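One structure below.
Computed from a predicted structure; not experimentally measured.
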Amino acid sequence: MVTKKQIVGGLRERYQKKDKESRLDKERFQALFREAVRDYYPKLKAQYAEQSIYGISFEIGDIVQSIYTDSFEIYIYFNTEEMYREKIRDCEEDEKSYYRFEPWAEWDVVNAKSPLFEKLRDYLEQNSLYACFICSSNPDYSERLEDAAAAWYEENEAAFEEAFDGERRQIRIWMAEALGKLRREGFWEKQGSPDLYVIPFGGECDIETEELMETYGIMAAGCSKTEYLDYLKSCDLY
């Protein structure tokens with residue numbers, strides 16, 4: 001796990017170089033993410049072997065919604081046919097799609113603890129712009145820096161926040177591409193889940209419908225199932 005001392009060291013180095021650029025690399029991020037998913041999903045499926053997982057969604061903390069524990073924690077939202085049937089037992093017909101396709105509110109969630117997801121998290125902590133824009137308001141970082149460095153981060157907080165917003169969007173696209181590659185490789189089929197819905201995580205309406213549709217198309221990698229897209233279109237009418 002990356003320590004506060006290491007993060008502060010990275011902030012100090014950025015200040016010395018006046019470096020405001022993202023250090024994330026697409027190929028490295030996607031390789032780490034795919035490797036972690038390949039390792040974790042079979043364990044999740046085995047844990048729910050008596051049920052049928054039909055949908056899964058991946059969240060990296062602070063990429064869609066703020067996480068108030070540790071940055072870049074990985075969460076996996078999932079639902080099974082059995083859980084779904086239980087939830088819709090007394091609901092109206094027009095509510096069924098909501099329960100089927102709303103990860104943030106209606107699916108189960110696990111904090112995906114594994115050495116490989118921790119490796120991904122370390123990579124993000126070391127290379128993302130996230131620590132730069134929260135530095136001035138985080139005493140764990142700012143109080144450990146020299147006055148000039150702390151002042152520089154405070155002066156550039158808005159610029160770093162704007163840059164991190166762009167980086168977040170990029171990470172969401174990279175995740176979608178990595179999941180699309182897993183489908184093209186036949187990963188879900190090999191796990192006995194050929195019809196698994198892999199859908200983007202949108203938080204509590206944090207992500208625009210247009211982006212959710214775009215990233216789902218990338219994740220689906222040619223899959224012709226349209227139920228989730230129909231659900232998004234129906235939501236966008238209100």
Side-chain angles (χ1 to χ4, degrees), residues 33-34 36-69 72-114 116-117 120-121 172 175-176 178-180 182-183 186-207 209 211-213 215-221 223-238:
F33 182 70
R34 286 196 306 272
V37 173
R38 287 193 191 102
D39 172 72
Y40 196 90
Y41 180 73
K43 299 171 186 175
L44 180 67
K45 186 167 184 183
Q47 187 177 350
Y48 288 84
E50 301 304 313
Q51 299 188 50
S52 301
I53 297 176
Y54 73 80
I56 193 167
S57 186
F58 296 86
E59 176 192 14
I60 297 178
D62 299 302
I63 297 305
V64 170
Q65 58 186 3
S66 295
I67 299 299
Y68 298 106
T69 53
F72 302 122
E73 287 273 10
I74 288 84
Y75 299 89
I76 297 179
Y77 294 74
F78 65 97
N79 209 10
T80 70
E81 294 290 356
E82 293 78 6
M83 294 175 188
Y84 170 65
R85 286 197 293 270
E86 180 66 25
K87 289 214 170 186
I88 64 170
R89 180 178 296 176
D90 299 315
C91 80
E92 300 294 331
E93 187 66 29
D94 60 359
E95 296 176 316
K96 290 182 179 180
S97 291
Y98 169 78
Y99 286 105
R100 191 159 185 82
F101 293 119
E102 196 54 59
W104 179 85
E106 301 301 338
W107 290 11
D108 270 18
V109 58
V110 293
N111 188 339
K113 297 286 189 181
S114 76
L116 292 176
F117 273 128
L120 172 65
R121 185 179 156 211
R172 296 194 295 269
M175 288 174 65
L179 291 166
L182 286 176
R183 186 171 292 280
F187 172 74
W188 306 115
E189 286 82 355
K190 291 173 185 175
Q191 302 307 313
S193 304
D195 298 320
L196 183 71
Y197 261 108
V198 185
I199 67 176
F201 180 75
E204 190 179 9
C205 303
D206 295 282
I207 304 300
T209 300
E211 181 181 326
L212 294 176
M213 295 178 74
T215 48
Y216 173 71
I218 297 170
M219 292 175 179
C223 176
S224 60
K225 295 171 72 174
T226 63
E227 285 179 285
Y228 174 66
L229 293 176
D230 294 339
Y231 166 68
L232 290 179
K233 291 174 184 176
S234 69
C235 292
D236 212 31
L237 295 175
Y238 299 99

Report task. Would you check, one step at a time, whether the test side chain to side chain donor-acceptor pair (under 3.5 Å) holds for Glu102 with Tyr231? Result -> CA-CA 9 Å; Glu102 196 54 59; Tyr231 166 68; 2.5 Å; yes
Query raised in the report: Do you know which of Tyr40, Trp107, Phe33 makes ring-ring contact (aromatic ring centres under 6.0 Å, His included) with Phe58?
Result: Phe33
Query - Results of side-chain contact (heavy atoms from CB on, under 4.5 Å) for Asp230 - residues two or more places apart only - result: Thr226
Requested in this report: Any chance you could measure Leu179, atom CG, to Phe187, atom CZ, to the nearest 0.5 Å?
Outcome: 10.0 Å
Report summary line: Here the gap from Met213 atom CE to Lys233 atom NZ, rounded to the nearest 0.5 Å, amounts to 5.0 Å
Query raised in the report: Passes side chain to side chain contact (heavy atoms under 4.5 Å, CB included), Glu73 versus Glu59? Steps please.
Result: CA-CA 8 Å; Glu73 287 273 10; Glu59 176 192 14; over 6 Å; no
Query raised in the report: Can you name the closest pair of heavy atoms from Asp62 and Ser66 and give their distance?
Result: OD1-CA, 3.5 Å
Query raised in the report: Going from OH on Tyr84 to CZ on Arg89, what distance comes out if it is rounded to the nearest 0.5 angstrom?
Result: 13.5 Å
Report summary line: The reported gap from CE in Met83 to CG in Asp108 (rounded to nearest 0.5 angstrom) is 4.0 Å
Just distance, no hydrogens or angles: give the donor-acceptor pairs under 3.5 Å from side chains in residues 193-205, sequence neighbours left out.
from: Ser193; atom 1: OG; to: Tyr41; atom 2: OH; distance (Å): 2.9
from: Ser193; atom 1: OG; to: Lys45; atom 2: NZ; distance (Å): 3.0
from: Tyr197; atom 1: OH; to: Glu227; atom 2: N; distance (Å): 3.3

**Report entry** Distance-minimising heavy-atom pair for Arg183 and Glu189
**Finding:** O-OE1, 4.1 Å
Report task. Given side chain to side chain contact (heavy atoms under 4.5 Å, CB included), test Glu81 with Gln51 step by step and report yes or no. Result -> CA-CA 7 Å; Glu81 294 290 356; Gln51 299 188 50; over 6 Å; no
Requested in this report: Could you pull out the closest heavy-atom pair between Ile63 and Arg172, with the gap in Å?
Outcome: O-NH1, 2.9 Å
Query - Interatomic spacing from CG in Leu120 to CD1 in Ile60 - rounded to 0.5 Å - result: 5.0 Å
Query raised in the report: Taking it one step at a time, do Leu44 and Ile56 satisfy side chain to side chain contact (heavy atoms under 4.5 Å, CB included)?
Result: CA-CA 11 Å; Leu44 180 67; Ile56 193 167; 4.1 Å; yes
Query raised in the report: If only atom types and distance count, is the side chain of Glu82 paired as donor or acceptor with the main-chain N or O of Ser52 below 3.5 Å?
Result: yes
**Report entry** Interatomic spacing from CG in Leu212 to CG in Leu229 - rounded to 0.5 Å
**Finding:** 10.0 Å
Query - Note: Glu106-Arg100 ion pair, threshold 4.0 Å (strictly below) - result: no
Report summary line: Shortest non-hydrogen pair, Phe78 vs Val109, comes out as CE2-N, 4.4 Å
Query raised in the report: Heavy-atom distance under 4.5 Å between the side chains of Leu182 and Arg34, does that happen here?
Result: yes
Query raised in the report: So among Gln191, Gln47, Lys190, which one has a side-chain contact (heavy atoms from CB on, under 4.5 Å) with Pro42?
Result: Gln191
